[in-house]
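Structure first, commentary second.
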Amino acid sequence: MRNLIGCLLLAASQLTWAGAQVYEPLSASVRAVMQKAVTDKASPRLAFNSEAEAKAWLDDMARRLGDRIPNAKARNDFLKTVHYEATRAGLDPQLVLGLIQVESRFRKYAVSKASARGYMQVMPFWVKEIGSKDHNLFHLKTNLRYGCTILRYYLTMENGDLYRALGRYNGSLGQSNYPNQVVRAWITAWKYPVRGRQI
């Protein structure tokens, strides 16, 4: 019986809140802005005031992420890309880490029942809506670029209301479970002193 309970607890800890963003037609101007955002070819880099600040953040986050992404190079590439894409979209990188934890449990090739893909569980309709058919949602930079762009869009749509934006991101607008899970993960696992104006 204890083994059964242990297995059930382990299974519950592996569950994700992988979302299903709901398709809503975009205005031409919003589509153009989002298309520009996802097709930018800039290379990921850490945006800190000094190399010492960048190293401190990377070391701290890498330590926290070590069990989930054991390969040091892959972990550093992942963290640099998260930081760059989140900062570029005006988001707190640690919030994005919390969202990824809840959405995919840091699994690059995660696919939800609704077909959401990758780390940030992006729905394939977004590629047709704002991207290009050669965009692979399992590619690290592409997935994070889309996810951060979409979350920023929802935050703007909801006038900065993080809980409503997270609800939209997950396709669960008006329900509290998912936003609470993301904020809890952000605060308990990834909180870090944030400099500048990010949400």
Side-chain angles (χ1 to χ4, degrees), residues 9-10 12-19 37-38 40-110 116-122 137-155 160-163 165-166 169-170 177-199:
L9 289 173
L10 179 62
S13 71
Q14 297 300 314
L15 291 176
T16 63
W17 283 89
V38 299
D40 179 7
K41 302 288 187 201
S43 297
R45 62 191 176 284
L46 292 174
F48 286 91
N49 292 329
S50 70
E51 283 193 36
E53 281 183 20
K55 183 177 181 338
W57 183 86
L58 191 58
D59 289 349
D60 188 0
M61 295 298 125
R63 178 186 52 75
R64 300 182 203 194
L65 194 58
D67 290 345
R68 294 178 172 109
I69 303 178
N71 180 282
K73 181 182 181 335
R75 187 171 57 243
N76 283 347
D77 288 346
F78 172 81
L79 287 167
K80 286 177 183 176
T81 306
V82 166
H83 192 277
Y84 176 75
E85 295 300 338
T87 303
R88 180 180 175 278
L91 302 170
D92 182 333
Q94 293 74 235
L95 166 63
V96 173
L97 287 167
L99 184 145
I100 293 169
Q101 177 178 319
V102 172
E103 283 285 346
S104 68
R105 300 280 184 219
F106 298 95
R107 293 176 306 192
K108 179 176 183 173
Y109 296 106
R117 298 176 182 192
Y119 289 116
M120 292 189 74
Q121 291 292 278
V122 177
L137 292 176
F138 293 118
H139 182 269
L140 170 63
K141 181 179 170 186
T142 302
N143 187 270
L144 296 176
R145 172 70 52 90
Y146 272 81
C148 290
T149 300
I150 293 161
L151 182 56
R152 169 47 58 197
Y153 165 64
Y154 288 144
L155 272 164
D161 185 323
L162 179 61
Y163 279 80
L166 288 171
Y169 189 91
N170 180 255
N177 281 344
Y178 176 79
N180 286 338
Q181 288 283 330
V182 172
V183 170
R184 186 177 305 117
W186 174 28
I187 291 169
T188 61
W190 305 105
K191 198 64 174 164
Y192 192 81
V194 178
R195 292 168 180 85
R197 290 185 64 211
Q198 296 170 336
I199 193 165

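Just so you know, these numbers use all the heavy atoms, side chains as well, and skip hydrogens, waters and symmetry mates. Just so you know, these numbers come straight off a predicted model, no measurement behind them.
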Residue pair [X] / [Y], side-chain heavy-atom distance below 4.5 Å:
X      : Y      : result
Arg105 : Arg68  : no
Leu65  : Trp190 : yes
Ile100 : Phe78  : yes
Arg145 : Arg88  : yes
Arg117 : Val122 : no
Leu97  : Trp186 : no
Asp92  : Tyr192 : no
Leu79  : Ile69  : no

Which heavy atom of [X] sits nearest to which heavy atom of [Y], and what is that distance?
X      : Y      : result
Pro93  : His83  : CG-CD2, 3.5 Å
Cys148 : Val96  : SG-CG2, 4.0 Å
Asn143 : Met120 : OD1-N, 2.8 Å
Gly118 : Ser104 : O-CB, 3.6 Å
Arg75  : Pro70  : NH1-O, 3.0 Å
Glu103 : Asn170 : OE2-ND2, 3.5 Å

Gap separating the [atom1] atom of [X] from the [atom2] atom of [Y], nearest 0.5 angstrom:
X      : Y      : atom1 : atom2 : value
Leu140 : Glu85  : CG    : CD    : 8.5 Å
Lys191 : Leu95  : NZ    : CG    : 8.5 Å
Trp57  : Phe48  : CH2   : CZ    : 6.0 Å
Tyr119 : Arg107 : OH    : CZ    : 11.5 Å
Thr81  : Leu144 : OG1   : CG    : 6.5 Å

Would you mind checking if Arg63 and Asp59 are paired as a salt bridge, meaning a charged N to carboxylate O distance below 4.0 Å?
-> no
Can you check ring pair (Phe, Tyr, Trp, His ring centres under 6.0 Å) on Tyr169 and Tyr178, steps first, answer last?
-> CA-CA 10 Å; Tyr169 189 91; Tyr178 176 79; 7.1 Å; no
The residue among Leu91, Asp161, Leu166 that forms side-chain contact (heavy atoms from CB on, under 4.5 Å) with Leu155 is Leu91
Anything under 30° is parallel, anything over 60° is perpendicular, the rest tilted; go ahead and classify Tyr109 against Phe138.
-> tilted
Count the heavy atoms of every other residue, nucleotide or ligand shown that sit under 6.0 Å from CG of Asn71, and state whether that count exceeds 12.
-> yes
Are Lys141 and His139 close enough, and set up right, to give a side chain to side chain contact (heavy atoms under 4.5 Å, CB included), and what steps lead you there?
-> CA-CA 6 Å; Lys141 181 179 170 186; His139 182 269; 3.6 Å; yes
Checking Gln121 side chain against Ala110 main chain: does a donor-acceptor pair fall under 3.5 Å?
-> yes
Answer yes or no: is there a donor N or O on one side and an acceptor on the other, between the side chain of Arg152 and the main chain of Ala89, under 3.5 Å?
-> yes
